[in-house]
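Keep in mind that this is a model prediction, so the values were computed, not measured. First the proteins, then the strands, lettered A, B, ... as listed; each starts at 1. Values reported hereafter were calculated over all heavy atoms of this structure, with side chains retained and with hydrogens, waters and symmetry mates removed.
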Protein chains: 2
Amino acid sequence: MTTAATTPFTYAKSLEAFERARRVIPAGIPGHQGPTEGCYIPRDAYPLFSSRAEGSRFWDLDGNEYLDYMCGYGPNVLGYGDPVVDAAARRQTALEDVVTIPSSIMVDLAELLVDTVASADWAFFAKNGGDTTTLAVMTARAATLRKKVVFVKGYYHGVAPWTQKLDYPGVLEEDVAHNLSVPWNDLDALEATFREHRGEIAAFISTPYMHGNFVDNELPAEGYWQGVRRLCDEHGVVLIMDDVRAGWRLDLAGSDRHYGIEADLLCFCKAIGNGYNLAALTGRESLRETVASLTYTGSYWMSAVPFAASIATITRLKELDAPAMFRRVGSELTAGLVESAAGHGLTLVASGEPALFYLRIADDDSLDLHQRWVAECVKRGVWFTSHHNHFLNASLTSADVRRTLEIADEAFGVVARER
Amino acid sequence: MTTAATTPFTYAKSLEAFERARRVIPAGIPGHQGPTEGCYIPRDAYPLFSSRAEGSRFWDLDGNEYLDYMCGYGPNVLGYGDPVVDAAARRQTALEDVVTIPSSIMVDLAELLVDTVASADWAFFAKNGGDTTTLAVMTARAATLRKKVVFVKGYYHGVAPWTQKLDYPGVLEEDVAHNLSVPWNDLDALEATFREHRGEIAAFISTPYMHGNFVDNELPAEGYWQGVRRLCDEHGVVLIMDDVRAGWRLDLAGSDRHYGIEADLLCFCKAIGNGYNLAALTGRESLRETVASLTYTGSYWMSAVPFAASIATITRLKELDAPAMFRRVGSELTAGLVESAAGHGLTLVASGEPALFYLRIADDDSLDLHQRWVAECVKRGVWFTSHHNHFLNASLTSADVRRTLEIADEAFGVVARER
């Protein structure tokens, strides 16, 4: 029996703040950053509020320090408070941010995206990833004069009513009346759907691979995306890739390029500005005029500071060849975790791309053993999440990875002894 | 004949940048900040890109300076680059912004909103005004298990498909299948609609007064909002006030309070953070659990920096009693403009609330004379917009107003001579 090397954390101040939050915010903390979404189990293993973040770490309200593998659910791609990005944002703040007419830095960023993203002939800016998936679907409908959209089962493309499910509160049958779905990696099903609804399908929308919650993540089968591209071309269907989550971590030229195709429309958010609030839709020439014809705008969509931050972020990601770094670090980390688990007689499955690895302990049919291991990691300062893919950032050091493996090993030991 | 006191501006660098923009952004500048939306007429009177902003002014790419009465279409409420707000944002940036769990400053802001906004028992944060109008309508549908929404003719509540019109590109009949509309200030029509669709109407959604484009703005008739409130209560309809545009300029306790009622849900954006990207829905206790039950979240919805900026903005607006200042300055400015027009034999109509005044020269049936006057103002450094309400900010000085009246008078002279 090993001796605990660390004292598990406690969260008194987080809990106090959550009691205040419950009085003035529905659910206290709504959505995926809150405790009710299902990924934070058991709830008492997790703190609820942060107080400071820097590089690969954040600190909760009680002062506990975490090596963070969620990265704000994606935006933190270079490290929290990256000095180069923050300096660029500060310089732009001194000039202007939201003004009556846009700053020309919007054009600089659009040029950079068109230069960087292989399938991009133009860029359109907004605030939420969901602003771009909605714009993409509206564009496909306007361009094809068709209504139906094909999703991949288990999809998530934001929270607009058309992306939700009929049994979710506030969603009407009309919102989802034209949604069809097919299983992932199933070209036969896709072709059958395209044939059955010939001339009715506006778009196929999918993430570059299946990085769903509560399930092992699945990469595309050999030839899958090429098959999708061919079927979309044959049937005049707009191919929308939702790169909100994986974008900028697999390939700076786009995750469509990473898997060997060109999408018609590509949705970006999260890592595009290292946390500064920005989303972008990029697309091919053939859809430019359609996008221009839509009524689609927002109060902050031309904020200049996020444009400056995004230029700095993308430039730095290129200098670092960050996707290669993420692949290497993610592979090393997940291999180390799998080996550590095996040393305690446990089987850890790491799935998805190394840059966004998903973890699952496969030794029981329930999720309980996995959740307890993650909890022991979190309470010792390594922030994993039980049933969501993780995210890497470029400020992670070899020492960080070693420390992660030490704490994970200790946590495997705890749950192995309790079995 | 007066001698021109100023040399009209030219925009060579803006036009160069716009040519670059057209290559990489659909429409060059999409949406309401661009030249194709109809408010910038004649187009060649307006520059297209800004380079710097401070206080009540911004400078375009060619270095021309404007006294700005659009305020970024609303967000600039204290003055561009307000030092107190920017300092608060800078302090928060040094701590953290988008992190895996939210900063407790989210709770501080929610408490401030609940303390400040009369009808607010809770607050929910997002990024776009449209995020909050969509959440409001979904909440009303989930709470009532009804589908229909009553709008006021001429409405604008963002760009989500449910808020658009059937003849707009990319919009399906299903998106707007449950939209009903009534004329502004018409309680009889509202009551008739509520009766005709008894038990089917989830929500009534409206701005606090009609600040539409291309038409004189209309205030609520005496007793109108009290009548709306009574009808909503009688028919179990959720009363949603869209305070995205007017919010924080009429009454810091909410524009519903300004007009003597309490809405069930109140939508805020724009001026809530002096330009830092933030939106909020506030609401009454009875809808708290419904909001908490919805699937509704976004990547940046818990960004801490905009929360810090919003706390500083609202605190400063209270210290200044900004709504009283806006009423006084807006009344003084519009009275001066009307008088100046009269001196040139022209009839200027100023409508709407003084804080968000709308202007129209009423001496021809076309819009031409008005557009030419606005163009002459813009080309001399006063940024008005032909057919949209304007916005005031708290950094405007008496000298700014005098300068505005001087330039406006010169512009009235130009168009009066041309008649």
Side-chain angles (χ1 to χ4, degrees), chain A residues 17 20-21 24-27 29 31-33 48-50 52-53 58 61 68 70 72 75 95-104 107 110-111 114 122 124 127-129 138 141-142 147 159 164 168-170 172 174 177 269-270 275 277 288 291-300 302-303, chain B residues 17 20-21 24-27 29 31-33 48-50 52-53 58 61 68 70 72 75 95-104 107 110-111 114 122 124 127-129 138 141-142 147 159 164 168-170 172 174 177 269-270 275 277 288 291-300 302-303:
Chain A
R20 286 172 51 210
V24 290
I25 301 172
I29 303 171
H32 62 284
Q33 287 145 310
L48 292 155
F49 289 98
S50 58
R52 187 162 75 83
F58 73 84
L61 266 194
D68 178 30
M70 287 308 291
L95 293 172
E96 58 179 350
D97 188 14
V98 177
V99 181
T100 296
I101 52 175
S103 166
S104 57
V107 188
E111 289 176 341
V114 167
W122 48 261
F124 181 106
K127 287 290 122 181
N128 298 309
M138 292 178 75
R141 285 173 168 162
K147 290 183 169 184
V159 298
Q164 295 206 23
Y168 288 12
L172 306 185
E174 290 80 357
C269 186
K270 294 190 179 285
N277 300 177
R288 180 197 296 262
V291 172
S293 75
L294 299 183
T295 297
Y296 212 65
T297 187
S299 296
Y300 307 127
M302 295 179 200
S303 288
Chain B
R20 286 172 52 210
V24 290
I25 301 173
I29 304 171
H32 63 283
Q33 288 144 312
L48 292 154
F49 289 98
S50 59
R52 187 162 75 83
F58 73 85
L61 265 193
D68 178 30
M70 288 307 291
L95 292 173
E96 59 178 350
D97 188 14
V98 176
V99 181
T100 296
I101 51 175
S103 166
S104 57
V107 188
E111 288 175 341
V114 167
W122 48 260
F124 182 106
K127 287 291 122 180
N128 299 309
M138 291 178 75
R141 286 173 167 163
K147 290 184 170 185
V159 297
Q164 297 207 22
Y168 288 11
L172 307 185
E174 290 81 356
C269 185
K270 294 190 180 286
N277 301 177
R288 179 197 296 262
V291 172
S293 75
L294 299 183
T295 298
Y296 212 63
T297 187
S299 295
Y300 306 128
M302 294 178 201
S303 289

Point to revise | Which atoms of A/Val99 approach chain B - backbone, side chain, both or neither, heavy atom under 4.5 Å | key: both
Practice item. Answer with side chain, backbone, both or neither: which region of A/Gln164 has an atom nearer than 4.5 Å to a non-hydrogen atom of chain B? Key: side chain
Exercise for review: Can you measure from OG1 (A/Thr297) to CD1 (B/Ile29) and round to the nearest 0.5 angstrom?
Suggested key: 11.0 Å
Point to revise | Partner of B/Ser299 under side-chain hydrogen bond (donor to acceptor under 3.5 Å, both in side chains), chosen from A/Lys270, A/Gln33, A/His32 | key: A/Lys270
Exercise for review: Count the heavy-atom pairs under 4.5 Å between each of B/Ser50, B/Ser293, B/Gly170, B/Gly275 and chain A, then report the option with the highest count.
Suggested key: B/Ser50
Point to revise | Residue, of B/Ala21, B/Ala177, B/Ala110, B/Ala17, that accumulates the most heavy atom pairs under 4.5 Å with chain A | key: B/Ala110
Check your understanding: Is chain A contacted by the side chain of B/Leu48, its backbone, both, or neither, given a heavy-atom distance below 4.5 Å?
Key -> backbone
Which one wins on heavy-atom pair count under 4.5 Å against chain B: [options]?
options: A/Leu61, A/Leu172, A/Leu95, A/Ile101; result: A/Ile101
options: A/Val291, A/Val114, A/Thr100; result: A/Thr100
options: A/Gly298, A/Ala27, A/Gly129; result: A/Gly298

Point to revise | Non-hydrogen side-chain atoms of A/Pro102 and B/Phe49 separated by less than 4.5 Å | key: yes
Practice item. Using side-chain hydrogen bond (donor to acceptor under 3.5 Å, both in side chains) as the criterion, list what pairs up with B/Asn277, not counting sequence neighbours. Key: A/Lys127, A/Ser303
Exercise for review: Applying side-chain contact (heavy atoms from CB on, under 4.5 Å), name anything that partners A/Ala142, two or more places apart in sequence or on another chain.
Suggested key: A/Thr290, A/Leu294, B/Pro169
